[in-house]
Amino acid sequence: MLKTMQKHGMTLAIFAAVLTGLTALVNQLTKTTIDEQAAKQQKALFDQVIPSDFYDNNLQDSCFVVQAPQLGKGNHRVFIARKGDKATGAVMEATAPDGYSGAIQLLVGTDFSGTVLGTRVTEHHETPGLGDKIEVRLSDWILHFAGKIIHGEDDAAFAVKKDGGEFDQFTGATITPRAVVNAVKRAGLYAETLPSQLNQLQACEE
């Protein structure tokens, strides 16, 4: 009986080792492809929030990690756009913490003088049929940020119409668009401070 148990135990150990080795091999072989696809998806998203003729550097390689209350709690990535030797703008990960159903994750592209180049929602949990109109696949509402100028922190126009601003709210849902508008405004104002701190930014880890 003992010998039989030892034999079965050895068989299972060998099987586990082979399976682990195969899994590691498959992961290694597919890692490059997965990384390439992720990079392509990220580039496609960048192209939606910042014009391709606005920069000539590799935006994905110009990644920095910041802790800025204007972008939300915790670390956020900021990608600096450059044309030649001149920094021209930024693509920023931002969080609207006050969505109706929780935090809304955004990607915001701006220049350094208050002009929003584009905005997209990357993650949210808003109510289907109401707050989810922040998604570009469901509504063109998010497209209206492109070209808008933030005239300082006290710019009353950069708000939803219910608050006296120029952005539409959704029928039956004001909290969601208000949260997004305010988050984009804060990100744009933060971008204006970036030129003075470019040399101090911490690069993203690869």
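When side chains are defined from C-beta on, L201 counts as touching L194, because their heavy atoms get closer than 4.5 Å. A 4.5 Å side-chain heavy-atom check between K133 and F170 finds at least one atom pair inside the cut-off. You'll find the side chain of P177 stays beyond 4.5 Å of the side chain of F167, heavy atoms only. In this structure, T176 and I134 have side chains that are in contact, with non-hydrogen atoms separated by less than 4.5 Å. The shortest distance between side-chain heavy atoms of I104 and E123 does not fall below 4.5 Å. The shortest distance between side-chain heavy atoms of I149 and H151 falls below 4.5 Å.
A donor and an acceptor atom, one from each side chain of S139 and E135, are nowhere located under 3.5 Å apart. Under 3.5 Å, the side chains of H144 and E166 contain no donor-acceptor pair of N or O atoms. At a cut-off of 3.5 Å, with distance as the only test, no side-chain donor of Q105 or T122 sits close to an acceptor on the other residue.
There is a path of hydrophobic side-chain contacts, each under 4.5 Å, that joins V108 to V136.
Counted within 6.0 Å of CD on Q200, heavy atoms from surrounding residues, nucleotides or ligands total more than 12; the atom is thus considered enclosed. The 12-atom threshold is not exceeded at OH of Y100, counting heavy atoms of other residues, nucleotides or ligands nearer than 6.0 Å. In this structure, K83 places its NZ atom where more than 12 heavy-atom neighbours from other residues, nucleotides or ligands lie under 6.0 Å away.
Of the charged side-chain nitrogens involved, at least one lies within less than 4.0 Å of a carboxylate oxygen, so that D168 and K161 count as a salt-bridged pair. Using a 4.0 Å cut-off between charged side-chain N and carboxylate O, D163 and R178 make a salt bridge.
The line from CG of N182 to CG of D98 is 6.5 Å long, rounded to the nearest 0.5 Å. Here the straight-line distance linking atom CG of L107 with atom NE2 of H76 works out to 11.0 Å at 0.5 Å rounding.
Not less than 6.0 angstrom separates the ring centroid of F79 from the ring centroid of F64.
When each of V49, T110, L106, V180 is checked for a side-chain contact (heavy atoms from CB on, under 4.5 Å) with F145, only V180 meets the rule. Checked against D132 for a side-chain contact (heavy atoms from CB on, under 4.5 Å), the options L138, T127, V121 give a single hit: L138.
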